[in-house]
Asks: 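Starting off with a structure, shown below.
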Amino acid sequence: MEKLIKSAIIEKSNHLFGFDCSDSLIQFQKTKKEFEGDTTLVLFPLMKLAGKSPQEIGKVLGDFLKDNVRCIRNYSIIGGFLNVSFPNSYWTRQLSEINADSDFGLAAKDSKPEIMVEYSSPNTNKPLHLGHLRNNFLGYSVAGILEAFGHKVIKTQIINDRGIHICKSMLAWQKFSPLNEKGERENPENTGMKGDKLVGKYYVEFDKHFNAEAKEIIAQWNAGQFEGYPKTTIAKYEEFTEAKKGKDEKAVSGLNDKIKELAKNETPILKEAKDLLIRWEGRDPEVYLLWTTMNGWVYSGFNETYCKMGVTFDRLYYESDTFILGKDLVNEGLEKGIFYQKDDRSVWIDLTDEGLDHKLLLRSDGTSVYMTQDLGTAVDRFNDYPELTGIIYTVGNEQDYHFKVLFLILEKLGYSWAKSCFHLSYGMVDLPTGKMKSREGTVVDADDLMDEVIESAKEMTAERGHLDGMNDTERENLYKVIGMGGLKYYLLKVDPKKRMLFNPAESIELNGHTGPFIQYAHARIQSLLGKANAFELDTETEMGTSEKEIIKQLVLYPAIIEQAAKEYAPSVIANYTYELVKLFNQFYQNITILNETDGKQKALRLTLSKNVAKVIKSSMHLLGIEVPDRM
RNA sequence: GGUCCCAUAGCUCAGCUGGAUAGAGCAACUGCCUUCUAAGCAGUAGGUCUUUGGUUCGAAUCCAAAUGGGAUCACCA
């Protein structure tokens, strides 16, 4: 509609004002609630050029539109704004079109290029936590939104299944897991522990011994015993110790950390882990079997968690498969002279021309680092999917620098698609008690949190729900839908880029700006429709302002999907649906529907309700949130 | 120290491609269940949009600086 008005004005602008006005001069905005009108033209930009007052311009424009655009019956000028009104029939027709389209808002399937969305990407040593929930919900939702916008989407994750950290937990399990009466070490079957939790436990165990050994070494050094340690290490130790003298507390603690690093490198346990990594890279059968077994435990644990989260993947990538390709790429870059090699054989890239630093790509012992693997994985993916036009990486904003460098290197290696890769960088989730830190045990475990949220939904629903005639499975499912819906909405309603605070009490709240608030509206509408007889919309029906407001909000849905897709922001959808539900609730609470005697009115209101429910369901689906028919 | 991100009501967040009197929710206070699900609705109160400059007819929104908070700059991932 606004496009129509705009083109009509531009076409006749010379005639109207005596000059040709450009596209950007015709600005629309939403009409404020206090004023009558369906859209508003901002007159200020035209004032200067026309050399007339806003009233004069408004009159000229308003009369012009009334005469030339069929739909426009009325206008009013307030200040520098021209409020234009459309007739009722315009809005009933809009509603009728929405009603006829069961996929309202969704673009044609696969009408846009293929895109890959990566999310989750866990470390196999650490059970999933609250931060992963934000990551998974975000990634899954963005994938859904892009699909709704017409893209072909491949959902993926990279599983970080190799490297020194994996060897750490393998080693700790071998060394410290107690044997039971059958002579077996701990495993998920004989302990009943979730596999990822069991492996995580041994990773922590490694760290404990690791730190203890390092402490011992420092004590030795402090006592002057340097036998058996490399000269360069001792020299550094002495240098740092010397530097501590006369420094303030902060500087001393920094130097102490450096000394600790030195000591850690000398611990027997780390050396053992490094040996294990070398054996793994050499495909030692014993190590390989252990690795496969323990990873298997982790994956079954993760799958259980993903299932509860309600997220899925189309394709998995394992770093153990892609790191070789990464190394090849580095060698290729080295030959081309994009990278350089230091005397100790480590490979680097110089990014100082781009205002960045030098970055390591291959260790002196020839093993690969994070960046090497990511290079390999990216290229691998474009080889696997020839139609692919870009990858979206859902990764926390602490890795902004990493991705900047990654994309830059890919570009330097000559991959043109590097430009269409995007780091969907999201902010950390803070707790009221401060930052989550695994070392301090302030991590919120994903499984625990989901269980709590569902349990809480169960208690609340028992108090106020409408569950008559539901069997136990239906009830359990409902608790899950409400609990998870609340949690997902809580994490997704905030702009992904921003750091957010996770308040446990608010996350299970059912009132106000929450998931259950939206779900409740859907359940009420379903109940309403269940009680209604057949109805059919008549496009000649009169309507009140609250009905019209709702139709206006419904009409926005396709544009909202577009915005959310372009900004990779599920929060746009979340806030839109909340607005819609608020408008609907006002209408529902103040206007009678089933008892309306005027049949045309009743049909309009029911059609409206039905389509509100449709859009609620569709938009919540884009957030990965289910909506119940009863609650 | 270099680079990047953030700052809106007591709290959590919208609004930011410049436009009318800056909006929600929570918390506080008032009302509304004998009519479609009160997980709701109606209302009261709460703001120098961190500060200072600049651009503009017009700035929460754009630019610059300051202040405060965070991240990052590893032969960790």
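Atoms considered below: every heavy atom in the structure, side chains included; atoms not considered: hydrogens, waters and symmetry mates. Chain naming here is simple, since letters A, B, ... match the order of the sequence lines and numbering starts at 1 in each.
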Asks: Please figure out whether A/D365 or A/S527 has its closest RNA chain B nucleotide nearer the 5' end.
Replies: A/S527
Asks: Does A/N585 contact B/A38 through a side-chain donor or acceptor facing the base, at a distance under 3.5 Å?
Replies: no
Asks: For A/T367, report the nucleic acid contact type (base, sugar-phosphate, nothing); a contact means any heavy atom under 4.0 Å.
Replies: nothing
Asks: How is A/N83 classified with respect to the nucleic acid when contacts are heavy atoms under 4.0 Å: base, sugar-phosphate, or nothing?
Replies: base
Asks: Sticking with atom P, work out how far B/C62 lies from B/A14, rounded to a whole angstrom.
Replies: 15 Å
Asks: Can the ring centroids of A/F81 and A/F44 be said to lie less than 6.0 angstrom from one another?
Replies: yes
Asks: Please list residues of residues 591-603 of chain A whose heavy atoms come under 4.0 Å from any atom in RNA chain B, ordered by number; otherwise none.
Replies: A/I591, A/T592, A/I593, A/L594, A/N595
Asks: Taking atom C1' in both B/G46 and B/U30, compute the distance separating them and give it to the nearest angstrom.
Replies: 16 Å
Asks: Does a nitrogen or oxygen in the side chain of A/Y370 sit under 4.0 Å from OP1 or OP2 of B/A77?
Replies: no
Asks: Kindly write out the residues that satisfy side-chain contact (heavy atoms from CB on, under 4.5 Å) with A/K610, not counting sequence neighbours, or none if the list is empty.
Replies: A/N99, A/L529, A/F535
Asks: At under 4.0 Å, does any side-chain N or O of A/Q399 touch on OP1 or OP2 of B/U72?
Replies: no
Asks: Can you list everything that forms a salt bridge (charged side-chain N to carboxylate O under 4.0 Å, His left out) with A/D196? Sequence neighbours excluded, please.
Replies: A/K194
Asks: Want to know the stems of RNA chain B: at least 3 consecutive Watson-Crick or G-U pairs with distances under 3.5 Å, which are they?
Replies: B:1-7 with B:67-73, B:10-13 with B:23-26, B:28-32 with B:40-44, B:50-54 with B:62-66
Asks: Which residue pairs pass the salt bridge (Lys or Arg N to Asp or Glu O under 4.0 Å) test when at least one of the two sits in residues 593-606 of chain A, sequence neighbours left out?
Replies: A/D538-A/K600, A/E547-A/R605, A/E596-A/R605
Asks: So, does A/T461 use its side chain to make a donor-acceptor pair with the main chain of A/A457 at under 3.5 Å?
Replies: yes
Asks: Just to verify, what does A/Q589 make a side chain to side chain donor-acceptor pair (under 3.5 Å) with, not counting sequence neighbours?
Replies: none
Asks: Answer yes or no: does a side-chain N or O of A/R524 lie under 4.0 Å from OP1 or OP2 of B/A38?
Replies: yes
Asks: Taking B/C41 as the reference, what is the distance to B/C26 when you measure between their P atoms (whole Å, please)?
Replies: 9 Å
Asks: Need one value for A/D468: base, sugar-phosphate or nothing, where a base atom within 4.0 Å counts as base even if backbone is also close, heavy atoms only.
Replies: nothing
Asks: Do A/T514 and B/A39 share a donor-acceptor pair, side chain to base, under 3.5 Å?
Replies: no
Asks: Using a cut-off of 4.0 Å on non-hydrogen atoms, how would the nucleic acid contact of A/Y588 be classed: base, sugar-phosphate, or nothing?
Replies: base
Asks: Give me the distance, rounded to whole Å, that separates B/G18 from B/G58 when you measure between the P atoms they each carry.
Replies: 15 Å
Asks: So A/Q519, base contact, sugar-phosphate only, or nothing? Heavy-atom distance under 4.0 Å.
Replies: nothing
Asks: With sequence neighbours excluded, tell me which residues meet side-chain contact (heavy atoms from CB on, under 4.5 Å) with A/K552.
Replies: A/D38, A/W91, A/K548, A/E549
Asks: For A/Q373, what residues pass the side chain to side chain donor-acceptor pair (under 3.5 Å) criterion, not counting sequence neighbours?
Replies: none
Asks: Are there over 12 heavy-atom neighbours, none belonging to A/R345, within less than 6.0 Å of that residue's CZ?
Replies: no
Asks: Give the intermediate values and the outcome of salt bridge (charged side-chain N to carboxylate O under 4.0 Å, His left out) for residues A/K271 and A/E266.
Replies: CA-CA 7 Å; A/K271 286 183 175 156; A/E266 296 304 324; 3.4 Å; yes
Asks: By a 5.5 angstrom centroid cut-off and a 30 degree plane limit, is there stacking between A/F517 and B/A39?
Replies: no
Asks: Set out, line by line, the N/O atom pairs under 3.5 Å between protein and nucleotides 57-62 of chain B.
Replies:
from  : atom 1 : to    : atom 2 : distance (Å)
B/C57 : OP1    : A/K48 : NZ     : 2.8

Asks: Starting from P on B/C6, measure out to CG on A/D400 and report it in whole angstrom.
Replies: 10 Å
Asks: Test: ring pair (Phe, Tyr, Trp, His ring centres under 6.0 Å). Region: residues 569-602 of chain A. Which pairs qualify, not counting sequence neighbours?
Replies: A/H513-A/Y578, A/F517-A/Y578, A/Y557-A/Y576, A/F584-A/F587, A/F584-A/Y588
Asks: Once side chain to side chain donor-acceptor pair (under 3.5 Å) is applied, do any residues pair with A/H209, and if so which ones, sequence neighbours excluded?
Replies: none
Asks: How close or far is atom P of B/C5 from atom CG of A/L424, stated in whole angstroms?
Replies: 16 Å
Asks: Please indicate whether A/E2 has more than 12 foreign heavy atoms, meaning atoms of other residues, nucleotides or ligands, lying under 6.0 Å from its CD.
Replies: yes
Asks: Taking atom types as modelled, is there a side-chain donor on A/R499 or A/N397 under 3.5 Å from an acceptor on the other?
Replies: no
Asks: Contact class for A/K32 (heavy atom, under 4.0 Å): base, sugar-phosphate, or nothing?
Replies: base
Asks: Please give, in whole Å, the distance from B/A71 C1' to A/H423 NE2?
Replies: 12 Å
Asks: Assess whether one donor atom and one acceptor atom, taken from the side chain of A/Q29 and the base of B/A20, lie less than 3.5 Å apart.
Replies: yes
Asks: Identify the pairs formed between an N or O of the protein and an N or O of nucleotides 8-15 of chain B at a distance under 3.5 Å, and give each distance.
Replies:
from  : atom 1 : to     : atom 2 : distance (Å)
B/C13 : OP1    : A/L501 : N      : 2.7
B/A14 : OP1    : A/D495 : N      : 2.7
B/A14 : OP2    : A/K498 : NZ     : 3.2

